[in-house]
Amino acid sequence: MQQQELIPHLFRTEYRKITAVLCKLFGIDKIEVAEDIASDTFLHASELWGLRGLPENPVAWLYTVAKNKAKDRLKRDTLYHNKIVQQMQLSTSELQEPDIDLSDQNIKDSQLQMMFAICHPAIPPEAQIGLSLRILCGFGIDEIAAAFLSNKETINKRLHRAKEKLRELNIKIELPGETEINQRLDTVLATLYLLFNEGYYSQARDITMRKDVSLEAIRLTHLLTGDRATNKPPVHALLALMSFHASRFEARLGQNGETVLYDDQDENLWDTDLVKQGKYFMQLSWEGGTISKYHLEAGIAYWHTIKADSVEKWESILQFYNQLLIIQYSPMAALNRTYALAKANGKQEAIAEAEKLGLSGNHLYHSLLGELYIDVDNSKAVEHLNIALKLAKSKADREVMERKIAGIKT
Amino acid sequence: MKDFLLVYRSNFSPVPTSSPEEMQAMTKKWMDWIGSVAAQNKLTDRGNRLNAEARVVKPGHVVTDGPYMEIKEAIAGYSIIKTETIEEATEIAKGCPIFLVGGSVEVREIGVIMVS
């Protein structure tokens, strides 16, 4: 790899590790100091490597420089120094040589603990996602702004407020105790799922970046399987769910970034390795005894990796949606259940059920009813699809409706 | 929205009278029905089925093996749904698959105990 490519690559993989370890060492209120040292290290690298060429082991070089900068920082400012001493509870002798441990194990532990600190229930979900992208994934502010369809100032402000909140609540960088862990893990998983969706369903133009966001969410979820305290069935289920969805990443985007609907996707573009990974974790998730909503959604996503229609496929999907709705209602799940009902029990029953949903005014509701009425009552089908067309917000959605209407014989 | 208790009653039979396939088909009907109520966002609690074994304790601590040995309809289970009126709750109850086996559904509004 050339130096021009190497530094951005290393930034993505190493910035977050250095930040996590230093922040764990300094405490959450020094999160910006940790970020500064990590940034300075990369700045130093880009200046020096340009002049003298690449060091033999660039990662080791970065770690050494980061350690030295951290030590300098600790020694330089006595006032600051004393505060940190209190927090680190170090004795005077240790103070001379603070142990900055950039071993694989400590990097993993620190990142995992940072994940729990950032995904704290007291931090608003949107801020959790922003902080995750910045601190846990090493995304640049520009990239985060692009992912949120926002600008740098807004993102900077949002991150700043989130860090203030972390400081204010003095959130500890540690894994929660056994009594708390399941509840806290729920918040972490909810954020990771949102992060995944941020990439998967984003309207943002940059397709590579969107995919990166989703893959980062998978990586972070994977990280949770590496520690006994967090290696639990809902984690496996979420990992399975994300893997199944991500397997269609290439197939669901057209050449200009437009959405390709499931039925029109080229199965050859589905990623079989991700499907395999999903199956592995789905298997594992069902060995745990408890069933979370991620188990049910993973089950639904699994059946979508098999394109051919079968009685078993749609009956299974219908039952997963039934269970999902019993656990937690959402309009999206209600609409999808009705589609599965049409496939499993027939259109007549599904139309009757759809009318009961009380979702008129929702463009997806009219789109569904339009779909169900095709070949049953084509004039009603067109009527609903026209309402859906009027209600649809994005250009892509309108195009889908127009294509459907054009295909109906009246 | 008010909560309504649905009490399912059906014939108590000590031995299964249907084949595994019939039981599976019945389970599907129940799941589709509860799923339908949930899809309308009108399910408060899916509830539970009740096992046949029962004891009834009467005044003087007289204990009997349950009230239903002579009565045709035993309570088989319950759910809680939420609707605006008892009429709406009753309409929903009409979709219950228990009628396929000759059972019944009792619809009762749940009174809220005011804590002062």
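All chains are named by letter (A, B, ...) in the order of the sequence lines, taking the proteins before the strands, and each is independently numbered beginning at 1.
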Between A/I326 and chain B, which part of the residue has a heavy atom less than 4.5 Å away: side chain, backbone, both or neither?
both
Enclosure of B/Q24 CD (heavy-atom neighbours >12, cutoff 6.0 Å):
no
Taking NZ in A/K347 as the centre, count heavy atoms belonging to other residues, nucleotides or ligands within less than 6.0 Å. Is the count above 12?
yes
Is the number of heavy atoms from other residues, nucleotides or ligands under 6.0 Å of A/E287 CD greater than 12?
yes
What parts of residues 82-98 of chain B touch chain A if we use heavy atoms and a cut-off under 4.5 Å?
none
Which value, rounded to the nearest 0.5 Å, describes the distance between A/Q323 atom CD and B/M31 atom CE?
5.0 Å
Taking every heavy atom of A/A334 against every heavy atom of B/A39, the minimum-distance pair comes out as CB-O, 3.4 Å
What residue, out of A/R337, A/E349, A/E315, has the most heavy-atom pairs lying under 4.5 Å from chain B?
A/R337
If you draw a 6.0 Å radius around OH in A/Y280, do more than 12 non-hydrogen atoms from other residues or ligands fall strictly inside?
no
Please classify the contact between A/Q328 and chain B as side chain, backbone, both or neither, with a heavy-atom cut-off of under 4.5 Å.
neither
Calculate, to the nearest 0.5 Å, the distance between atoms CZ and CG belonging to B/R46 and A/L325 respectively.
12.0 Å
Residue pair B/Q40 / A/L357: nearest heavy atoms and the distance that separates them:
N-CD2, 4.5 Å
Are more than 12 heavy atoms from other residues, nucleotides or ligands located less than 6.0 Å from atom CD of A/E355?
yes
Is there a side-chain contact between B/D32 and A/N322 in this structure, where contact means two heavy atoms from C-beta onward sitting under 4.5 Å apart?
yes
Atom NZ of A/K307 with >12 non-hydrogen neighbours under 6.0 angstrom:
yes
